[in-house]
Amino acid sequence: MRYRPAELVLTRFGLTGTLTFSSPDDGITLKYGKSLKKYGYTHLSAGELLHDERKNPDSQYGELIEKYIKEGKIVPVEIPISLLKREMDQTMTANTQKNKFLIDGFPRNQDKLQGWNKTMDGKADVSFVLFFDCNNEICIEPCLERGKSSGRTDDNRESLEKRIQTYLQSTKPIIDLYEEMGKVRKIDASKSVDEVFDEVVKIFDKEG
């Protein structure tokens with residue numbers, strides 16, 4: 001199967017993408033979903049796929065994913081790539097015209113980038129990277145609020161601060177690499193939800 005193009009979304013320190021900057025009730029999910037549909041993209045969140053997989057009692061990866069996420073570490077490369085490819089294949093099997101994907105929260109380190117390039121070489125073209133940038137506290141606070149009802153074991157300050165360090169050591173160099181290639185589209189995610197969304201729309205209008 002041929003997937004093209006694939007956009008990659010990298011957040012300040014790799015939480016779960018654009019939706020971490022707002023509460024579930026402010027409308028950004030609906031807006032974001034509509035914008036993707038307008039441009040023909042299927043949104044795939046690497047983080048959501050991992051969280052769904054670890055809840056699956058029949059998953060061979062469940063316990064391992066739980067361990068890594070709880071410790072704020074990056075899950076081994078084979079797992080998210082396998083989950084992403086599975087979702088992309090299933091989407092295109094159902095509709096061969098749906099071959100445009102926005103990959104959210106991936107890749108977060110050099111190992112995953114190499115794994116992506118190896119697995120998707122000749123299958124997916126990366127058009128650009130959306131980079132939502134904001135300071136640590138702006139990223140942390142919504143996740144702490146989410147943790148009050150999400151039941152996620154990693155929605156706590158200790159795990160989130162560990163993920164900041166993981167970002168600095170592993171994810172920032174990937175962003176820098178794509179920036180050298182001229183593929184990074186940076187968005188100030190400290191602004192309001194509507195302002196951030198407007199910037200996303202402008203980028204999609206330009207990039208197509």
Side-chain angles (χ1 to χ4, degrees), residues 1-11 14-22 24 26-56 58-62 65 75-108 112-132 171 174-175 178 181-187 189 193-194 196-208:
M1 291 185 178
R2 175 73 177 177
Y3 326 97
R4 55 178 304 173
E7 273 65 54
L8 307 181
V9 179
L10 296 175
T11 63
L15 289 178
T16 60
T18 58
L19 304 187
T20 60
F21 306 126
S22 56
D26 59 16
I28 191 65
T29 302
L30 181 60
K31 286 183 179 181
Y32 196 57
K34 285 184 176 179
S35 71
L36 293 175
K37 186 175 182 180
K38 172 184 176 182
Y39 298 103
Y41 289 89
T42 297
H43 175 223
L44 297 178
S45 167
E48 288 179 8
L49 290 176
L50 286 171
H51 285 292
D52 289 345
E53 191 71 13
R54 71 171 175 166
K55 292 179 181 178
N56 181 357
D58 299 323
S59 171
Q60 60 178 315
Y61 303 127
I65 293 173
V75 175
V77 60
E78 296 83 6
I79 299 177
I81 291 179
S82 174
L83 298 178
L84 285 168
K85 189 175 185 302
R86 182 181 70 189
E87 291 297 316
M88 294 168 80
D89 287 343
Q90 289 177 352
T91 299
M92 288 187 62
T93 296
N95 185 344
T96 56
Q97 300 301 312
K98 298 184 70 173
N99 63 347
K100 297 168 67 177
F101 299 88
L102 190 146
I103 313 283
D104 187 343
F106 186 90
R108 293 181 184 169
K112 283 187 171 58
L113 178 60
Q114 291 175 349
W116 168 269
N117 290 337
K118 180 179 178 180
T119 302
M120 296 300 185
D121 183 36
K123 298 179 180 179
D125 300 319
V126 177
S127 297
F128 60 94
V129 174
L130 285 174
F131 175 39
F132 295 84
T171 307
I174 302 301
I175 297 171
Y178 276 109
M181 297 166 62
K183 291 192 174 186
V184 172
R185 309 293 181 264
K186 188 174 181 179
I187 296 173
V193 170
D194 286 337
V196 171
F197 175 74
D198 287 343
E199 290 301 312
V200 172
V201 170
K202 289 178 183 178
I203 290 173
F204 273 88
D205 281 340
K206 182 178 179 180
E207 300 291 342

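The residues of the chain are indexed from 1 along the displayed sequence.
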Note, Leu130 side chain near Leu102 side chain (heavy atom, < 4.5 Å): yes
Residue pair Val75 / Pro80: nearest heavy atoms and the distance that separates them: CG1-CD, 4.2 Å
Distance (rounded to the nearest 0.5 Å) between Ile79 CD1 and Leu49 CG: 12.5 Å
Separation between OG1 of Thr171 and NZ of Lys112, rounded to the nearest 0.5 Å: 9.0 Å
Between NZ on residue Lys202 and CG on residue Asp205, distance to nearest 0.5 Å: 10.0 Å
Met88 and Ile103, any side-chain heavy atoms less than 4.5 Å apart: yes
Which atom of Asn99 lies closest to which atom of Thr96, heavy atoms considered: CB-O, 4.2 Å
Note, Lys118 side chain near Gln114 side chain (heavy atom, < 4.5 Å): no
Exercise: identify the closest heavy-atom pair between Arg108 and Ile174: C-CG1, 4.3 Å
Interatomic spacing from CD1 in Ile65 to CG in Leu50 - rounded to 0.5 Å: 5.0 Å
From Trp116 atom CH2 to Leu84 atom CG, the distance as rounded to the nearest 0.5 Å: 6.5 Å
4.5 Å side-chain heavy-atom contact, Asp89 and Lys85: yes
Neighbour count >12 (heavy atoms, 6.0 Å) for atom NZ, Lys183: yes
For the student: nearest non-hydrogen atoms of Ile203 and Arg185, plus distance: CD1-CB, 3.7 Å
Ile175 vs Val129 side-chain heavy atoms within contact, under 4.5 Å: no
Between CG on residue Leu83 and CG on residue Asp52, distance to nearest 0.5 Å: 9.5 Å
Worked check of ring-ring contact (aromatic ring centres under 6.0 Å, His included) between Tyr178 and Phe131: CA-CA 10 Å; Tyr178 276 109; Phe131 175 39; over 10 Å; no
Nearest atoms (heavy-atom pairs only) where His43 meets Asp104: NE2-OD2, 2.9 Å
Side chain Lys98, main chain Thr42, donor-acceptor under 3.5 Å: no
pair Glu199-Phe132: side-chain heavy atoms closer than 4.5 Å: no
Heavy-atom closest contact (Ser59 atom, Glu53 atom, distance): OG-OE2, 2.9 Å
